[in-house]
J.: 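Questions regarding the structure given below will be posed in turn.
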2 protein chains.
Amino acid sequence: MDDLETRELRYFVAVAEELHFGRAAERLGIAQPPLSRAILQLERRLGVKLLDRDRRGAALTGAGEVLLREARTALDAVAAAARRTRQAADPGRPLVLVTKAGASHELLRDLLDAAETPVEVLLCEVGEQAHRLRDGQADVAVMHRPYDDLAGFETQDLHVEGQVAIVPATHPLAARESVTLAEVSDVPGLPIARWPRLDGTYPDGPGPEVRTQSQLAQLVALGLTLLVIPASSRAWQWPEHVAVPVVDAPDVTTVLAWPPGSPVGPLVRAARRRFLVADGSA
Amino acid sequence: MDDLETRELRYFVAVAEELHFGRAAERLGIAQPPLSRAILQLERRLGVKLLDRDRRGAALTGAGEVLLREARTALDAVAAAARRTRQAADPGRPLVLVTKAGASHELLRDLLDAAETPVEVLLCEVGEQAHRLRDGQADVAVMHRPYDDLAGFETQDLHVEGQVAIVPATHPLAARESVTLAEVSDVPGLPIARWPRLDGTYPDGPGPEVRTQSQLAQLVALGLTLLVIPASSRAWQWPEHVAVPVVDAPDVTTVLAWPPGSPVGPLVRAARRRFLVADGSA
DNA sequence: GAAGCCTAATACCCGCCGGGTATCAGGACT
DNA sequence: AGTCCTGATACCCGGCGGGTATTAGGCTTC
């Protein structure tokens with residue numbers, strides 16, 4: 001069985017994302033007819049119909065959705081192969097650590113201080129870290145269990161903490177010593193914000209849709225949404241808000257995560273020395 | 001930066017494995033000059049020297065070793081994309097479960113009985129399961145923590161058990177109620193067998209080298225090696241041998257493992273019903 | 001040390017295939 | 001019916017991947 005070529009996968013991903021051959025071709029920098037031909041050839045080769053062509057464009061079949069997911073990870077793996085190979089030839093290069101905006105500055109500062117190796121910090125949006133690791137743009141990430149997808153990575157726990165709810169100071173809940181998840185999950189007028197899923201769509205619900213930490217910060221400042229976050233995320237605490245511990249929320253573990261083979265040995269050893277021995281010191 | 005093509009990766013992997021352009025070309029079914037040209041082009045494109053050419057063939061550089069590892073996983077991902085897409089178009093297809101020869105028959109039998117969906121069982125050698133999962137040849141595997149590499153897979157624990165040492169009935173240790181790891185790790189004349197690493201080389205040590213379960217069975221039967229295995233692996237117990245519990249060996253967890261997105265929902269639910277509620281019933 | 005070999009690299013040609021433009025086909029709006 | 005959108009087809013061309021023949025260099029061998 002002849003293997004697929006990355007070109008075919010790139011073409012298919014473009015069409016599957018645009019759901020429109022013309023736009024996909026434009027994005028790829030080629031003309032529409034060769035793209036149509038390539039996709040048809042891909043379907044013939046797999047023996048599977050990937051797209052339902054329609055007068056108004058195209059729609060993914062079930063098999064097409066599978067291929068879209070698989071092709072993305074495969075293309076990430078190919079891109080990672082190129083990046084990591086180039087980097088392997090450059091031994092003096094600093095480690096690239098990726099983290100999301102809004103993570104604990106203190107912990108990151110401690111980590112960087114403890115590392116003897118040069119570390120370059122790359123900030124990205126929520127949910128992007130795993131992608132940066134998978135395609136080789138970063139060597140290691142600071143992530144949070146159970147929120148982030150850690151599948152496929154080796155990890156080193158750094159810190160465990162409870163979560164607090166951020167509520168307006170004027171709200172009845174603000175006076176409480178602690179609250180439960182059930183109590184904050186359905187507060188009238190203070191719905192929890194909804195984050196996009198991996199495919200870009202939003203789950204149903206009453207809360208506002210947010211894509212970025214800064215959008216969320218805005219909404220919290222306006223008192224339009226309620227937030228359950230790790231206790232150390234003080235970045236969100238304005239004078240108008242109160243943090244109330246959520247007793248039954250799962251603990252959040254801040255972890256260092258890296259793909260197998262990443263040259264993070266020195267950093268991980270430093271992290272172990274710094275955080276394993278005394279993790280209540282921060 | 002233009003992406004790599006899978007053809008280039010396949011070519012490089014062949015050369016890196018053979019360390020000889022002529023043999024690699026033969027394996028690939030092409031002539032040697034185009035292969036040389038392709039590798040040179042790959043090196044130019046990456047801007048990295050991958051191989052040290054020598055009068056006697058070729059040797060991998062550091063960057064070459066990185067690319068070999070990365071290319072293998074990338075090619076697995078591409079192959080998986082093709083396989084899983086084809087399978088997605090065939091909804092009636094049975095799940096393919098891969099396990100290593102020598103795993104507990106009872107547990108597997110229970111699992112298959114509990115599953116309502118058709119399941120096809122594929123046996124393979126130790127260390128091969130992860131590969132089969134990664135390149136889409138199988139949907140789900142029965143593996144063992146901490147022995148098997150579970151990175152990148154979702155898992156469902158099935159069973160936890162201690163380990164026993166298998167020793168000749170005539171050996172002094174056979175009379176013991178229990179032993180410790182330290183006691184069995186350095187028994188004169190009864191060294192522990194050595195398994196190959198992922199790259200095919202063997203760690204140093206006094207024990208015999210083994211590649212397959214059957215080779216190991218042979219050695220155990222001859223009384224030439226000592227074995228520490230999960231207590232349920234009765235396949236190894238002949239009359240001439242005695243199983244002695246190893247008190248401080250880490251527990252072995254038999255787990256169901258599958259790559260994200262694998263259509264294993266029904267099987268996993270069946271496994272939960274069967275093993276989570278009463279896991280001491282086997 | 002010249003001959004012979006074994007390696008990988010180079011030279012050169014050819015045919016295929018991926019890309020281009022022009023055009024067609026068909027359904028949904030005018 | 002005409003128009004406009006979609007994707008598919010027809011056809012041509014150039015580049016590149018593949019082939020054979022040969023070169024270049026180093027080790028063995030006598």
Side-chain angles (χ1 to χ4, degrees), chain A residues 1-61 63-65 67-68 71 75 78 82, chain B residues 1-61 63-65 67-68 71 75 78 82:
Chain A
M1 206 72 66
D2 43 5
D3 280 305
L4 306 181
E5 286 299 325
T6 64
R7 182 180 49 81
E8 304 179 273
L9 295 179
R10 281 197 305 274
Y11 285 9
F12 174 75
V13 169
V15 174
E17 285 178 356
E18 299 285 347
L19 294 176
H20 189 288
F21 281 72
R23 282 195 299 273
E26 189 181 2
R27 201 174 99 182
L28 292 166
I30 65 172
Q32 171 260 320
L35 179 58
S36 281
R37 200 178 47 182
I39 300 294
L40 285 171
Q41 177 180 334
L42 179 61
E43 287 180 317
R44 272 201 315 273
R45 200 182 309 183
L46 289 170
V48 167
K49 193 155 162 232
L50 300 170
L51 294 158
D52 283 319
R53 276 77 157 179
D54 199 66
R55 38 238 160 250
R56 283 259 163 282
L60 285 173
T61 65
E65 286 181 29
L67 183 58
L68 176 57
L75 289 175
V78 172
Chain B
M1 208 69 66
D2 44 3
D3 281 304
L4 306 181
E5 286 300 325
T6 64
R7 184 179 47 82
E8 304 179 273
L9 295 179
R10 280 197 306 275
Y11 285 8
F12 175 73
V13 169
V15 173
E17 284 178 355
E18 299 285 347
L19 294 178
H20 188 288
F21 280 73
R23 282 195 299 273
E26 189 182 2
R27 200 174 101 182
L28 292 166
I30 65 173
Q32 169 259 319
L35 180 58
S36 281
R37 197 178 51 184
I39 300 295
L40 286 171
Q41 178 180 334
L42 179 61
E43 288 181 315
R44 272 201 313 274
R45 197 174 321 173
L46 290 171
V48 168
K49 193 154 161 236
L50 300 170
L51 294 158
D52 283 320
R53 276 77 156 180
D54 198 66
R55 41 231 161 256
R56 282 260 163 280
L60 285 172
T61 65
E65 286 182 31
L67 183 58
L68 176 58
L75 289 175
V78 172

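Below, read A as the first sequence line, B as the second, and so on, with proteins coming before strands; counting in each chain starts at 1.
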J.: Starting from C1' on dA8(C), measure out to CD on E18(B) and report it in whole angstrom.
T.: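 Atom CD in E18(B) sits about 16 Å away from atom C1' in dA8(C).
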
J.: Once you round to the nearest 0.5 Å, how far does CG of L51(A) lie from CZ of F21(A)?
T.: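 Separation between the atoms: 5.5 Å.
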
J.: Could you state the interatomic distance from CZ (R27(B)) to CZ (R10(B)), rounded to the nearest 0.5 Å?
T.: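 Here the interatomic distance stands at 11.5 Å.
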
J.: If you count every heavy atom of other residues, nucleotides or ligands that lies below 6.0 Å from E26(A) atom CD, does the total exceed 12?
T.: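 No, CD of E26(A) has 12 or fewer neighbouring heavy atoms, counting only those of other groups under 6.0 Å.
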
J.: What is the distance, rounded to the nearest whole Å, between atom CZ of R37(A) and atom P of dC17(C)?
T.: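 Nearest whole value for this atom pair: 10 Å.
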
J.: Without decimals, in angstroms, what is the distance between R23(A) CZ and dC5(D) P?
T.: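 That distance rounds to 13 Å.
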
J.: Which nucleotide, dG19(D), dG7(D), dG20(C), lies nearest any side-chain atom of R53(A)?
T.: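 Per side-chain heavy atoms of R53(A), the pick is dG7(D).
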
J.: Nearest of dG19(C), dT6(D), dA9(C) to any side-chain atom of Q32(B)?
T.: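 The nucleotide sitting nearest to the side chain is dA9(C).
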
J.: Would you kindly give the OH-to-P distance between Y11(A) and dG7(D), to the nearest whole Å?
T.: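 Distance, rounded to whole Å: 16 Å.
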
J.: In whole Å, what is the span from the CG atom of L42(A) to the P atom of dA8(D)?
T.: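 Those two atoms, CG and P, are 13 Å apart.
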
J.: Which nucleotide wins on minimum distance to the side chain of A31(B), given the candidates dG17(D), dT20(D), dG18(C)?
T.: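 For the A31(B) side chain, the nearest candidate turns out to be dT20(D).
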
J.: Rounded to the nearest angstrom, tell me the gap between atom CG in L35(B) and atom P in dA9(C).
T.: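 In whole Å, dA9(C) P and L35(B) CG are 9 Å from each other.
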
J.: In whole angstrom, what separates D52(A)'s CG from dT6(D)'s P?
T.: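 Checked: the CG to P distance equals 18 Å.
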
J.: Tell me which nucleotide among dG19(C), dA8(D), dA11(C) gets nearest to the side chain of P33(B).
T.: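 Nearest to the side-chain atoms of P33(B), counting from C-beta on, is dA11(C).
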
J.: Ignoring hydrogens and geometry beyond distance, is the side chain of R7(B) in donor-acceptor contact with the base of dG17(D) at under 3.5 Å?
T.: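 Absent.
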
J.: Please state how far atom CD1 in I39(B) lies from atom P in dG18(D), giving the value in whole angstrom units.
T.: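 These atoms are roughly 11 Å apart.
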
J.: For a quick test of reading the model: is some side-chain N or O of S36(B) closer than 4.0 Å to OP1 or OP2 of dA8(C)?
T.: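 Checking dA8(C) against S36(B), no side-chain N or O comes under 4.0 Å of OP1 or OP2.
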
J.: Drop me the distance from L42(A)'s CG to L9(A)'s CG, to the nearest 0.5 angstrom.
T.: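 L42(A) atom CG to L9(A) atom CG measures 7.0 Å (nearest 0.5 Å).
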
J.: Q41(A) near the nucleic acid: base, sugar-phosphate alone, or nothing, with a heavy-atom cut-off under 4.0 Å?
T.: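 If one applies the 4.0 Å heavy-atom cut-off, Q41(A) turns out to touch the sugar-phosphate alone, with no base involved.
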
J.: Atom CD of E5(A) and atom CG of L4(B): how far apart are they, to the nearest 0.5 Å?
T.: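 E5(A) CD to L4(B) CG: 11.0 Å, rounded to 0.5 Å.
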
